[in-house]
Amino acid sequence: MANTITSEIKFIVELDENRVPEKLSWTAQDGGIEAEEAKAMLLSIWDSKAQETMRIDLWTKDMPVDEMKVFFHQTLVAMADTFHRATDDEKMTATMKDFCDYFAEKLELKK
């Protein structure tokens with residue numbers, strides 16, 4: 001019988017009276033993260049039975065729009081990298097990275 005290891009990642013969301021996130025924090029003890037504050041998070045989980053993605057997209061009401069644009073750009077770049085590692089599809093990875101460059105250019109993120 002193989003030994004298994006369990007690792008936990010925990011998210012805490014503090015909401016205002018209208019259920020809008022005021023504060024986000026996360027803990028991943030295996031990674032040395034303890035109640036680290038965040039302004040935004042995007043979480044995608046694949047439901048194999050339903051063949052669909054379940055999502056949680058949260059950001060605090062004080063997340064600046066300029067930071068949200070950078071956050072999205074960096075997330076898109078990371079998704080392209082992850083797509084490449086997961087599929088080894090060079091052509092589509094290049095297409096995704098082209099879009100990331102276009103996205104950054106249109107938002108004037110790259111100087």
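Values reported hereafter were calculated over all heavy atoms of this structure, with side chains retained and with hydrogens, waters and symmetry mates removed.
No single ILVMFWY cluster, assembled from side-chain heavy atoms under 4.5 Å apart, contains both Ile45 and Met79. Put simply, Trp59 and Val20 are part of two different groups of oily side chains (I, L, V, M, F, W, Y) that touch within less than 4.5 Å, one to the next. Residues Ile56 and Leu15 share a single hydrophobic cluster, defined by chaining ILVMFWY side chains whose heavy atoms lie under 4.5 Å apart. Linking Ile, Leu, Val, Met, Phe, Trp and Tyr whenever their side-chain heavy atoms come within less than 4.5 Å puts Phe72 and Val70 in one cluster.
The side-chain heavy atoms of Glu14 and Leu24, taken from C-beta on, include no pair separated by under 4.5 Å. Taking 4.5 Å as the limit, every side-chain heavy atom of Thr53 sits out of range of all side-chain heavy atoms of Asp47. The side-chain heavy atoms of Leu42 and Phe71, taken from C-beta on, include a pair separated by under 4.5 Å. Here the side chains of Lys10 and Trp26 are not in contact, with every heavy-atom distance at 4.5 Å or above. Met96 is listed as a side-chain neighbour of Met92, based on a closest heavy-atom distance under 4.5 Å.
Atom CD1 of Ile9 has 12 or fewer neighbouring heavy atoms from other residues, nucleotides or ligands inside a 6.0 Å radius. Crowding of Lys39 atom NZ: a count of heavy atoms from other residues, nucleotides or ligands under 6.0 Å exceeding 12. The environment of Met68 atom CE is dense: over 12 non-hydrogen atoms of other residues, nucleotides or ligands sit within 6.0 angstrom.
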- Item | side-chain contact (heavy atoms from CB on, under 4.5 Å) between Thr27 and Glu36, intermediate numbers included | CA-CA 6 Å; Thr27 298; Glu36 187 75 26; over 6 Å; no
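Distance CG/Asp16 to CD/Glu22: 4.5 Å, rounded to 0.5 Å. Atom CD of Gln74 and atom CG of Leu76 lie 10.5 Å apart (nearest 0.5 Å). Within the model, atoms NE2 of His84 and CG of Asp89 stand 8.0 Å from one another, a figure rounded to the nearest 0.5 Å. Distance CE/Met63 to CD/Glu67: 5.5 Å, rounded to 0.5 Å. The OG1 atom of Thr60 sits 9.0 Å away from atom CD of Glu37, with the distance rounded to the nearest 0.5 Å. Atom OG of Ser25 is separated from atom CD of Glu34 by 9.5 Å, given to the nearest 0.5 angstrom.
In terms of heavy atoms, Asp30 sits closest to Ser7 at OD2-OG, 2.7 Å. Residue Leu109 comes nearest to His73 through the heavy atom pair CD1-CB, 3.5 Å, listed as atom of the first residue, atom of the second, then distance.
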Side-chain atoms of residues 98-106: list all donor-acceptor pairs with protein atoms under 3.5 Å, sequence neighbours left out, distances to 0.1 Å.
from: Asp101; atom 1: OD1; to: Lys110; atom 2: NZ; distance (Å): 3.1

